[in-house]
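Following: one structure in structure tokens, then a few remarks.
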Amino acid sequence: MPSTSAPAPPAPAAQLAAAPRRHRTRLLELSEVRWAAAALAVFLTALPLDLLGGPPLLTGLLYAAVYALGGWDPALSGLKALKERTLDVDLLMVVAALGAAAVGEAGDGALLIVIFAVSGALEAVATARTEDSVRGLLDLAPATATRVEDDGREETVAAEDLAVGDTVLVRPGEAVGADGRVVDGRSEVDQATITGEPLPADKAPGDEVYAGTLNGSGALTVRVEREAGDAVVARIAAMVEEASRTTSPTHRFIERIEQRYSIGMVAATIAVFAVPLAFGSDLDTALLRAMTFMIVASPCAVVLSTMPPLLASIANAGRHGVLVKSAEALERLAAADAVALDKTGTLTEGAPRVADVRPLGGEDRASLLALAAAAERPSEHPIARAVVAASREEGLEPAEARDFSSVPGEGVRAVVGGDRVAVGSPARLLGGPDEGTGAASTAFRRAREEAHTLEEQGRTAVVVLRGDRPAGVLGLADRMRDGAAAAVAALAARTGRPPVLLTGDAPAAARRTAEEAGITEVEAGLLPEDKVARVRAMEDGGARVMMIGDGVNDAPALAAAHTAVAMGRSGSDLSRRTADAVVVRDELEAVAAAASLARRARRLVLQNLVIAGVFITALVAWDLFGHLPMPLAVAGHEGSTVIVALNGLRLLGEGAWRRAATE
């Protein structure tokens with residue numbers, strides 16, 4: 001294993017910019033590759049001498065060097081395992097090679113050592129490539145950032161030293177050093193590495209930016225909102241690395257039977273040696289057949305069948321914003337065959353937006369929206385932020401408001417342009433004239449009708465009064481996440497049944513969201529315990545439910561489900577801790593792709609087990625009932641090990657994710 005050293009002390013600020021970045025592991029950096037290469041080089045020198053009848057002493061010394069170079073590490077590992085009373089396949093391979101040498105087949109034994117060493121080197125390379133893909137996530141974030149002190153002085157610091165509340169300057173063309181919010185400046189930021197957006201996103205004061213994204217032509221001043229360890233890209237890397245240290249139920253099962261199998265294999269090897277010897281076979285022939293049997297019956301390929309595809313899938317999903325917490329969680333994700341979704345914060349963004357503007361009393365759309373935004377601008381209420389954001393999107397500049405006041409449950413009041421303006425609840429603000437046929441009475445009736453219509457459509461109605469007359473009604477709705485309908489369709493296609501919407505929201509709002517998302521089965525007005533009951537009912541019906549949610553109220557249902565997926569950006573800490581997987585960028589479409597990737601990993605595990613089983617069965621039968629040359633036995637055994645390792649690592653590439661996303 002590569003050695004690790006203690007972390008170096010922080011570099012001076014002047015040297016940080018030149019600090020080397022993490023790099024892709026080079027082959028010769030791995031000790032397994034170096035020893036395997038040395039053993040192969042010596043073997044390729046010894047083999048021609050042996051075939052051409054060279055000096056036996058020189059040939060023997062070269063073969064001995066092959067044994068030493070390629071066999072010391074597996075022999076040491078095997079002896080350590082034996083000391084702990086476990087039988088390691090590495091030790092069995094070394095014993096088989098020594099047995100071959102004992103019967104005069106030193107070349108065949110050396111070939112076994114070389115192929116075994118090369119196989120181990122390939123496994124080490126595969127593991128390093130997976131680790132590189134995890135570490136590569138951290139390379140997205142820059143090593144340094146420009147911190148602006150309170151006195152305006154600029155200082156270059158390590159990005160990991162930034163604290164919440166610090167202010168950093170991001171110049172044109174620089175990478176953003178930390179997750180935060182823009183406080184000054186405007187620019188376009190390429191967020192493809194984090195959000196997958198194909199085009200740069202415009203950023204202005206109040207907008208969120210992420211570490212590792214690339215600033216465009218403008219300068220931005222950003223207030224840090226997350227420490228380096230809590231940044232989106234860091235959370236991805238940390239959780240993927242943690243997941244890579246876990247094992248799946250399939251792998252644990254194989255590990256449990258490996259010891260029994262190895263002990264049985266040793267017993268069978270003794271029998272393969274002793275029985276022919278008892279019936280008159282010569283010692284060398286019996287020993288050679290027994291050593292060949294030990295080689296081909298070794299379960300190396302079976303052991304390597306499971307974890308490479310699972311770890312490759314975890315790393316690939318992590319690069320694309322889905323953090324699968326363990327190999328076991330990946331297998332559960334692959335097995336899910338039904339989906340239940342929360343509404344607010346999952347299908348929708350969890351933040352209101354102005355969806356309808358209905359002017360009354362001679363107002364037009366722009367003037368009504370500007371009037372409401374002027375009164376709401378001093379407020380921090382989510383509805384106020386939605387109204388102000390809608391006015392900005394339409395290029396309106398709200399007037400200054402005076403004498404602002406806010407009454408919980410009612411709304412806000414202010415003086416705008418000399419008029420008293422109120423914005424708030426229809427039940428509280430539409431208590432004016434409702435009798436007769438006057439203009440005021442008609443305006444109030446129309447306002448009530450408009451508010452009622454909007455509420456029946458699942459909107460939140462907000463009334464705007466200018467003076468004593470209704471100026472109009474605004475309809476607010478939770479914004480559907482981009483790609484939510486496509487994600488629902490993809491999840492339905494992958495599980496074979498339509499997803500179910502489980503929400504505590506009002507029925508009208510739930511139905512409207514379900515219609516937009518393409519969901520036909522809706523259960524609204526649910527308390528957390530109701531969601532749990534519904535999930536358990538689906539499970540009792542034979543379904544393996546994938547629950548997708550974001551809030552504290554979803555955590556019980558997430559815990560009850562077969563597979564739990566939490567939204568990472570908008571989700572609560574409790575839901576993220578409960579979940580098997582976290583969608584860092586809140587992209588629902590990535591869930592379907594991750595599920596497909598998990599299913600492909602499961603298929604490859606089964607495929608690998610079949611490949612390993614076929615090789616072992618065929619080679620064992622050949623050795624027992626025929627004459628299997630040791631070089632062919634070595635090539636077949638180690639070849640199957642290499643095949644299953646490389647087969648699993650196919651899921652590490654970008655193409656594997658693209659195929660999973662389009663299945």
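When reading the values below, keep in mind they use all heavy atoms of this one structure, side chains included, and skip hydrogens, waters and symmetry mates.
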Counting only heavy atoms from other residues, nucleotides and ligands, does the tally under 6.0 Å from CZ of R181 exceed 12? yes
d(E589 CD, R481 CZ) to nearest 0.5 Å is 12.0 Å
How close do L476 and A386 get, heavy atom to heavy atom, and via which atoms? CD2-CB, 3.8 Å
Measure from the side-chain N and O atoms of T346 to the backbone N and O of K343, and report whether any donor-acceptor pair falls under 3.5 Å. no
State whether R511 and E515 are salt-bridged, where the test is any N-O pair (Lys NZ or Arg NE/NH1/NH2 against Asp/Glu carboxylate O) under 4.0 Å. no
CA sep, side-chain torsions, deciding dist, call: R226, E208, salt bridge (charged side-chain N to carboxylate O under 4.0 Å, His left out): CA-CA 11 Å; R226 298 189 189 96; E208 191 173 13; 3.2 Å; yes
Could you go through the side chain to side chain contact (heavy atoms under 4.5 Å, CB included) check for V189 and L220 one step at a time? CA-CA 10 Å; V189 176; L220 296 175; 3.9 Å; yes
R358 and L454: side chain to side chain contact (heavy atoms under 4.5 Å, CB included), yes or no, with the steps? CA-CA 10 Å; R358 303 194 176 186; L454 290 171; 3.6 Å; yes
Scanning both residues in full, the closest heavy-atom pair of G177 with L162 reads O-CD1, 4.2 Å
Looking at V522 and A514, what are the two nearest heavy atoms and their distance? CG2-CB, 3.3 Å
Reported CG-to-OG1 distance for the pair L474 and T460, which is rounded to 0.5 angstrom: 11.5 Å
Can you tell me how far the CZ atom of R385 sits from the CZ atom of R377, to the nearest 0.5 Å? 15.5 Å
Would one find more than 12 heavy atoms of other residues, nucleotides or ligands at under 6.0 Å from atom CG of D419? yes
How long is the straight-line distance from CG of L323 back to CD1 of I314, given to the nearest 0.5 Å? 10.5 Å
Please tell me if the side chains of R658 and H320 come closer than 4.5 Å, counting only heavy atoms from C-beta onward. no
Search all heavy atoms of A660 against all heavy atoms of R494 and return the closest pair with its distance. O-NH2, 2.8 Å
Donor-acceptor pair, distance only, cut-off 3.5 Å: does the side chain of T213 make one with the backbone of V176? no
Salt-bridge criterion met for E393 and R353 (N-O under 4.0 Å): no
Apply side chain to side chain contact (heavy atoms under 4.5 Å, CB included) to the pair V387 and V423, showing each step before the final yes or no. CA-CA 10 Å; V387 172; V423 184; 5.6 Å; no
Under 3.5 Å donor-acceptor, D184 side chain and P205 backbone: no
Over all atoms of both residues, closest heavy-atom pair of V322 and A581: CG1-CB, 4.4 Å
So that I can tick it off, tell me whether R223 and E225 are bridged by a salt bridge, with the cut-off set at under 4.0 angstrom between side-chain N and carboxylate O. no
What are the two closest heavy atoms between W657 and A317, and how far apart are they? CZ3-CA, 3.8 Å
Check the surroundings of atom CG in D151: do more than 12 heavy atoms from other residues, nucleotides or ligands lie under 6.0 Å from it? yes
OG1-CE distance between T495 and M546, expressed to the nearest 0.5 angstrom: 7.5 Å
Output, in order, the C-alpha distance, side-chain angles, deciding distance and verdict of side chain to side chain contact (heavy atoms under 4.5 Å, CB included) for N215 and R171. CA-CA 7 Å; N215 187 25; R171 293 185 172 88; 5.8 Å; no
Considering only heavy atoms from C-beta outward, does the side chain of P426 approach that of V463 to under 4.5 Å? yes
From CD (E397) to OG (S391), nearest 0.5 Å: 8.0 Å
Going through the checks in order, is the salt bridge (charged side-chain N to carboxylate O under 4.0 Å, His left out) test met by E149 and R147? CA-CA 6 Å; E149 306 295 342; R147 183 168 61 195; 3.2 Å; yes
Quick test of your reading of the model: are K531 and E523 salt-bridged, counting only N-O distances below 4.0 Å? no
If we ignore hydrogens and angles and just use 3.5 Å, is the side chain of T513 paired with the main-chain N or O of A510 as donor and acceptor? no
Check E450 with R459, please: is the shortest side-chain N to carboxylate O separation under 4.0 Å? no
Are side-chain heavy atoms of V170 and V209 found at a separation under 4.5 Å? no
